[in-house]
Amino acid sequence: MSIFTDPKLGLIPAAFHKKLEEQNRAKSCYDWAGYAAPGVLDSVEFEYFALRNQSSVFDISPMHKYRLTGPDTTAMLNRLVTREVRKIAAGRVGYAIWCDEEGMVIDDGTLFHLGDNDWRLCCQEPMLTWLLDAAWGFDVAVRDETHSVAGLSLQGPTSYAVLEAAGLDVSALKTFDLVQIEPDLMISRTGFTGDLGYELWCDWDKAEDLWDRIWKGGLHQGLRAIGYEAVNIARIEAGFLTAGVDFQPVHATERLHRGQTPFELGLSRLVDFEKGHFNGRRALLSKRDAPRSLLMRFDVEGFKPSEGSLIYNQRKKVVGHITSGIWSPTAKRNIALAHVRMPDARRSSSLMAEIYTLQEGKWDTRMARLTPVTKAFFAPPRARVTPPART
Amino acid sequence: MNHFDAIVVGGGVNGLIAGTLLGRRGKNVCIVEKSDSFGGMASYSVDGGPTLAHSFYNLSPRALSDIGLDLQHPVLAGKPTSTVSLAEDGRHIVFSDEGVCWSDGTAHPDSKAWSDLTQQLITYGGLLRQLAEAPPPGGHKAVLSRGGMAEVLRLAKLGIGLKKLGKSDMRRFLQVVLSNVYDIVLDDLSDGPVAGMLAADAIWGAAAGPRSPGTVFNLIYRMGHGGTITQPAGGMSALTDLMVEAALKTGCVLMPGTEVSRVLVDKDAVSGVITTDGQTLNAPLVLSNLAPKPTSRMTGPSVFDIETMRRIRNIRARGTTAKVNLKLKDNMPLPGLPEGLANSRLIYAPSAEYVEAAFNPAKYRQKSKAPVIEAFKMQTADGSGWLSTIMQYAPSDLEGGWTEAAKDQLAQITVDTLGRALPGLKDHIAGRQVITPDQIESATGAPGGHWHHAEMSLDQLLTLRPANGMCRYSMGPKGLYLCGAGTHPGGDVMGLAGRNAALAALEEQP
Amino acid sequence: MKNLTTENRYDVIVAGAGHNGLTAAAYLSRAGMRVLVVEKNDWIGGAAVSRSLHEGWTYSNCSYVCSLLRREIARDLELPKYGLQVIPYEGGASFTRDGDYFAYYSDHNALKREMARHSARDADAYRRYSQSIMRQCRFIRPFLLRDAPDPASLRPRDLGEMAYLVKKAHGLGSRELGETLKFWTMSIGDFLDEHFENDLIKAHLAGSGIIGTGLGVYSPGTAYVLLHHYMGDIDGGIGAWGFARGGMGAISNAIAASFKDHGGTIHTGAGVERILSKDGRVEGVALEDGKVFHAPVVASNMDIKRTILHHVDTADLPDDFTKAVRNFKIRGSSAKLNIALDRFPNFPAAPEHTSFLRGDLHVSQSLFELEKAYDDWKLGRWSEKPYIDMLIPSQIDPTMAPTGAHMMTVFVQYAPYDLDVDGVRSADNWDDQQRKAMSETVLDQMAVACPDIRERVVHMEVRSPLEIEREVGLTEGNIFQGELTFDQLFFNRPVPGWSQYSLPIKGLYLCGSSAHPGGGVMGAPGANAASAILRNETRHGRMKGYAA
C-alpha cells in the first residue's frame with residue numbers, strides 16, 4: 001500500500017485545464033484556490049506582449065463566483081458593499097469592496113447585475129459563509145457557482161476582432177457592460193489588465209467548446225494562451241490591486257490590525273456614506289480622516305524590480321514596503337505599488353527603497369529614489385473606445 | 001399627539017423602570033406593551049392562576065429609588081420567606097439566618113458549613129452588585145472621556161472592595177467565581193438536600209447543571225442583594241402595578257394592547273415606531289425591553305453590521321423552566337409538611353447529583369423525568385389555593401414539541417416528584433396549569449422563554465452581554481437601546497438592566 | 001543528622017523522573033547545580049515513556065503524540081543531540097457507522113474538498129474557525145514560558161507580569177478582546193455549533209476539547225481545552241502533532257541524557273517516602289528503600305495532591321492551603337489501550353492509497369454522542385460509546401513494531417477512576433474482569449472503523465485510570481495532573497496564591513503539570529520551575545553548585 005498516490009491530495013484542474021495543459025510547455029503551475037493554474041506557459045515576455053499587442057486568453061475559472069437572487073438582493077448587497085449598488089444598472093458590472101465591522105477591507109470584486117434581482121459576485125477570496133451571514137434576514141438565495149461557471153479572460157488590442165471572427169458581435173458593448181450573447185454564453189467588457197478586453201462566462205462543462213471556438217477565431221489575430229505572471233505585469237501597470245499582495249483581506253489575518261480601510265487603499269471613491277447603512281459604515285466614519293498608511297504608486301529609480309523592498313524616509317527610518325514592483329515593458333518605467341505609513345506618505349518626495357539584488361551568487365542592496373505617481377502607469381485610450389478597434 | 005422624547009417598547013419590569021426613570025429626568029415617554037397588562041414575565045398568568053414569577057430576591061433598591069418607589073412600601077416589604085429543602089423521608093430541612101436544621105428543630109451537621117459558604121457568597125455578591133449597578137466595563141474607547149473616567153473609578157472601587165477582602169479571600173473569590181457549584185458545594189458539604197438546595201439555586205432558569213463551570217456565578221448573582229426571598233403582598237402583579245403607578249405619576253404615556261411592528265430608522269438614527277394598528281409614534285430615542293433578536297427583527301437587519309447580526313443569532317437562550325400551577329382542593333396544609341413551614345419556599349432537590357442528573361436529558365431536548373422543583377403555596381385574588389411550582393428542566397426545544405400530551409406528562413411528573421416528599425399530594429389537587437417555555441416565549445417575546453432572555457453563562461455576561469461589542473445598551477443606529485434582561489446584568493425581576501439602559505441613553509441624549 | 005557526606009548531598013533533588021522533572025533537572029544542572037532525580041519506577045519518563053511489553057513491539061504506554069513540547073526547551077537542552085526526533089503526521093479521520101468517513105487532511109485544498117463533500121458551507125466556514133483558533137494560539141503562546149502573576153500581590157514581579165498581560169490583552173483591540181474572553185469561557189460544543197452545521201465534522205473537531213478532562217463537550221471552558229491541544233507546534237507548524245521516533249519515551253530519554261551529560265544523577269527504583277523539612281524549610285528526601293538524600297531545595301514532579309497530602313507533614317502547612325490542595329480537582333477520565341497488531345488492520349471505508357490513516361482516527365458521530373459519553377462517566381461508568389483517539393505510529397516510525405506488523409495506540413475517553421459496580425463507586429472495582437469488559441466496549445467502537453481489529457490483536461495492554469495512577473503516580477489517573485478548568489488555570493493553578501512553583505515549605509517547589517501552564521508533554525512547568533528555583537534560591541547562597 002502506498003499512501004503517496006492518494007488521489008484526494010493536491011490541486012485539481014480548472015475549467016480550461018486540458019486545453020492549457022496542451023500548451024503548458026513550461027509545465028509550471030501554482031495553487032489558485034485549490035486549482036492548478038499556470039504561472040507561465042512558455043515565456044513571460046511573449047505572453048505579456050501578446051496581451052499588450054495582440055490578444056491573450058487566461059483561465060479565470062478559479063475565481064470565486066456567487067449567485068445572489070431574490071427580491072431583497074439589492075438591499076442585501078447595499079448593506080454588504082461600500083458603494084451604492086443601485087447605480088449599477090441591469091446589464092452592467094461594478095467594481096466593489098466590502099468591509100468588516102471595523103471598516104477593514106474583506107475583499108474586492110466585481111458585481112454583475114444580470115437581471116432583475118439577479119446578481120453575481122466575482123471575487124478572489126472564498127466568501128460563502130460571509131454572504132450567507134450577510135443574507136440572513138433578507139429574502140435572498142446565495143449559490144456558490146465557483147465550480148459551475150467557467151470564466152475566460154480575453155484581453156488585448158485584437159480581442160474584439162477575435163470575438164468577431166468567432167461569430168460574436170460585441171460592437172455595442174461599452175466598458176463594464178455585460179450581455180448574454182447566446183443562451184450559454186455571457187460576455188462582459190471587463191478585465192484585470194487596463195486594456196481592451198472581455199471576460200467570457202459559460203457553464204463549466206461547455207468550457208472546452210468555448211475555448212475551441214475562441215481559439216479558432218484568434219487564428220489570425222495572434223491569440224496566445226497566457227499564465228498569471230504576464231497578467232500580473234499588466235495589472236500592476238494598470239494599478240489594480242491583488243488581494244493578499246497589495247492589501248491583506250481582513251478575514252485572512254491573524255493580526256487583525258493588519259487589515260486596511262478603503263481610505264488607506266486609496267479607494268474612498270467606492271465609499272458612499274449617503275446611501276444608508278452598510279457594513280463597517282460607523283467604524284469608517286471615525287476612520288475616514290485618520291488613515292494609518294496609504295497605498296501609493298511609485299516610479300522607482302533604476303531598473304531593478306523593487307518587490308518586497310523596505311521604504312525609508314529621510315531620517316533612514318523604515319516607513320513602508322513595496323507590495324508589487326516590476327519593470328513595465330510598455331511604459332518603460334520601473335513601477336511599484338507600496339504601503340507607506342503616515343505621515344510619511346504625505347511627504348513622499350524624499351522616500352527611498354532598499355532593493356535587494358542577487359547577481360551571480362552575490363546578494364547586495366541598492367537605494368532607489370521613489371517618485372509618487374497618481375495615475376495608472378499605463379491606460380491606453382483603446383480600452384474605452386466603442387465600438388472598439390480591431391487592431 | 002404622537003411625538004415623544006422616548007418610546008419604550010415592551011412594558012416588563014425593566015421597560016417600566018427605564019421609562020419611568022427617563023420620565024423623571026424630564027423626558028416625555030411612551031411605554032408600548034403588546035399585552036393588555038404590564039409587567040411582562042414577572043406578572044404573566046393564565047386564567048387568574050399564579051403568576052410566572054412568584055417571589056423576588058434580587059429586586060434592586062437602587063432601581064426602585066431611581067423611579068421614586070418607597071422601599072418601605074408594604075407591597076415591597078411583603079413577607080420574607082424561609083426555604084425548605086424537601087426530603088423523601090419526611091425529615092425536611094429548613095434554612096434560615098440561624099443556619100440549617102431539620103423540620104423537627106434539631107440542628108443539621110452541615111449547618112455551619114452552609115452558613116459559612118452562604119455568607120461568603122453573599123459577600124462576593126455584594127462586590128458583583130457594584131458591577132451590576134453600572135454598564136459593564138469595557139466598550140468605552142477613550143479612558144479620558146467622562147464615561148471612561150467614571151468607569152475607571154468604578155473599577156478602582158471594585159478593586160478596593162476586592163482588596164478589602166484580604167489577600168486570601170480575594171484569591172478565593174477569583175477562583176470561586178469561575179467555578180462550578182457542584183464542586184464548590186461538595187468541597188464543604190456532604191451531598192444531600194442541603195447541597196441540593198444550593199445546587200438548585202444556582203441553576204434556576206439556566207440551561208446548565210451544577211457541574212457546568214460558571215454556575216457559582218449564578219448563585220452569587222442571586223445573592224447580590226442579600227439572598228432574602230420575598231413574596232410581595234398581593235402577589236407579583238401588585239409589585240408590577242406599583243411600577244405602573246410610578247410610571248403614570250411621572251407622566252409616562254402607557255399604551256397597553258399595542259404592538260410595535262417596526263422601529264423606524266432614518267439616516268442611521270431612530271425616528272420612532274409603527275404599531276400593528278397603523279399608528280406612527282415619533283421619538284429620537286427607542287428603548288427595547290425585548291431581547292436583541294426580536295429587536296433586530298423590528299428594525300430589519302440592514303441597519304446592523306453583519307457581525308452584529310451574527311452575534312445576535314448566536315446568543316444562546318434555551319429556556320429550560322416550565323411553570324406548573326397546581327390548584328388545591330382546599331386550603332388545608334400540604335401533606336407531610338409541618339404547619340409552620342406551610343408558606344415557605346419549597347425546594348425539591350434531594351442532592352447536587354440529583355440536580356445534575358435532572359439536567360442531563362435537557363441537553364438532548366428531553367424533559368427531566370426527575371425534575372428540580374421550587375414551589376410556593378399561595379392564594380390567588382379569588383381566594384383559591386394553589387401550589388405554584390417552577391419545574392426544571394423542561395427545554396423550550398423539546399423533541400417532538402410541547403404537545404398537550406407532553407404538557408400532561410410534565411404536570412404528572414411534577415406531582416409525582418413532589419409527592420415523593422409530600423405523600424398524598426395528588427389527592428389534594430383539583431386542577432393544573434402548565435406553562436411551557438414556548439408558551440412563555442409567545443406570550444412575552446422572551447427568546448426560548450428564557451428567564452434572562454439570554455443564558456447567564458460566563459461567555460454571555462458583563463462585557464459579553466448581550467453580545468460582544470453591544471454591552472453599552474446601544475445597538476446599531478443612534479438612539480436605539482436595549483433595556484431588557486438580555487443586557488447586563490440580566491433578569492430576575494431586578495430592574496437594573498432597565499435602569500442602566502436609561503442612564504446610558506441619557507448620557508448620550510441628555 | 002547523619003550521613004552528611006557529599007555523596008548524598010545535592011543542591012536540588014527532583015522527586016519523579018517524568019518529562020517535567022527531568023526538564024527542571026536538566027536546566028538546573030546546566031546552571032551548575034548538583035542535581036539528583038529520584039524515581040520510584042525502575043524506568044524513567046513518567047507518562048512520556050516507551051516500553052516493550054511484548055517482544056518486538058514498543059508501546060508509548062501513556063502519552064502517545066507530541067506537539068506541545070516547547071521549541072525553546074528542545075533547543076536549550078540540545079535534545080536532538082541526545083537523540084530526539086519528532087516527525088509530524090498527516091491528517092486523520094472520523095468514520096461513520098454507515099461506511100463513510102470524514103478525512104482531515106493537512107493539505108488544505110484536500111481538506112476543503114473533503115469538508116465540502118459533507119457540507120459546502122462548513123468547508124467555507126472552516127477558514128474563519130481556524131483563523132480564530134490561530135488568533136487565540138497567538139495570544140496564549142507567549143504566556144506558556146512565563147509565570148502566572150498573583151493578582152492579589154503588589155510585588156514588582158507580579159505587577160510586571162500583570163502589566164504584560166494587560167498589554168497583550170490591550171493589543172488585541174476591544175472587539176477581539178471580547179472574542180477572546182468569549183472563547184475562553186465557552187464550550188467547544190457551542191463554539192463549533194456557531195461555525196458548523198455538519199455533525200460528523202463537529203464531532204471530529206470536538207475531540208481536542210475533552211481529551212483528558214472531566215468535562216463534556218458542552219461544558220463551558222472546553223474551548224480552552226481545545227486550545228491547550230492546539231497551542232503547540234512542530235517546527236513552527238502551529239497545531240501540528242507528531243510522533244517522537246522511538247515512542248514518547250524518546251523525549252524523556254533525550255532530556256535525561258542531556259541532564260546526565262551535564263553531571264546529573266538519576267536514582268531509580270525507589271520513590272520518595274517523605275520530603276524532609278525542619279522549621280518550615282526543606283532538608284531533603286527519604287526514599288522508600290531507606291536511603292536519605294539532603295538538599296536545600298526539593299522540586300516535586302508529582303502532582304500537588306500526591307506531593308502535599310502523601311509526602312509532607314501537613315501539620316506544618318497553613319490550613320487553607322491544605323484545604324485548597326485537598327479540593328484540587330484531579331479526576332481520572334481516560335483509559336488507554338496499547339495493541340500489538342500482526343498486520344495492518346482493514347479500514348473498509350477508506351479509499352485505496354489514502355494518506356489519512358497515518359493520523360488520528362475516531363468514530364464519534366456527533367456532539368450529542370460525545371456529551372452522552374460524558375454523562376456515563378459522571379455516573380461512574382465508562383462510556384457506552386467512548387470517544388477514541390487511535391493511531392498507528394508504526395506506519396511512520398519503523399522502530400515501533402516488527403516489519404509488516406504494527407503498533408496501535410488507543411486513547412479512551414471517558415473512563416472513571418472510581419468505577420461504579422452495583423452502586424458502589426471505588427477505584428478498587430477495576431479488576432481484570434472490568435478491564436476486559438471495558439476493552440470489549442472499546443474494541444466494539446474501533447470495529448466501526450476496522451471490523452477485523454479483534455483478529456489483528458497479538459497483545460493488548462489495557463490501562464484504566466487506576467493503572468495510570470498506580471504505575472505513573474498520577475492521582476486518579478488524571479493525565480494533566482489536575483483539571484484544566486478556569487478555577488485551576490493560570491493564577492489559580494494549582495491553588496490560588498501558589499501559582500509560581502514555590503510551596504509553603506521553603507525550598508519546596510512544584511515542577512510538574514499541576515503547576516502553570518498545565519498538562520501535556522510540554523516541559524514548560526519544569527522549565528519555569530527551574531528558573532523560579534534559580535531566581536529564588538541562588539541569591540541566598542543555599543545552592544552551592546559544583547564550586548562547593
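All chains are named by letter (A, B, ...) in the order of the sequence lines, taking the proteins before the strands, and each is independently numbered beginning at 1.
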Chain C interface, residue from Asp144(A), Leu132(A), Leu11(A), Asp31(A) that has the most non-hydrogen pairs under 4.5 Å = Asp31(A)

Donor + acceptor pair across side chains of [X], [Y] (<3.5 Å):
X: Asn198(C); Y: Ser119(C); result: no
X: Asp246(A); Y: Thr323(A); result: yes
X: His362(C); Y: Ser94(C); result: no

query = Side-chain contact, heavy-atom cut-off 4.5 Å: Ile392(C) with Pro345(C)?
reply = yes

message = Within a 6.0 Å radius of atom NZ on Lys27(A), are there more than 12 heavy atoms belonging to other residues, nucleotides or ligands?
response = yes

query = Could you name the residues of residues 280-287 of chain A that have a heavy atom within less than 4.5 Å of a heavy atom in chain C?
reply = none

Toward chain A: residues of residues 125-133 of chain C with heavy atoms under 4.5 Å = Ala125(C), Arg127(C), Gln131(C)

Ring-face cation contact, Tyr101(C) with Arg117(C), 6.0 Å cut, 45° max = yes

task = Output yes when Asp233(C) and Arg141(C) qualify as a salt bridge under the 4.0 Å nitrogen-oxygen rule, no when they do not.
result = yes

message = Please determine whether a side-chain nitrogen of the Lys or Arg among Asp203(A) and Lys206(A) lies less than 4.0 Å from a carboxylate oxygen of the Asp or Glu.
response = yes

message = Please confirm whether the ring centroid of His147(A) lies under 6.0 Å from the ring centroid of Tyr35(A).
response = yes

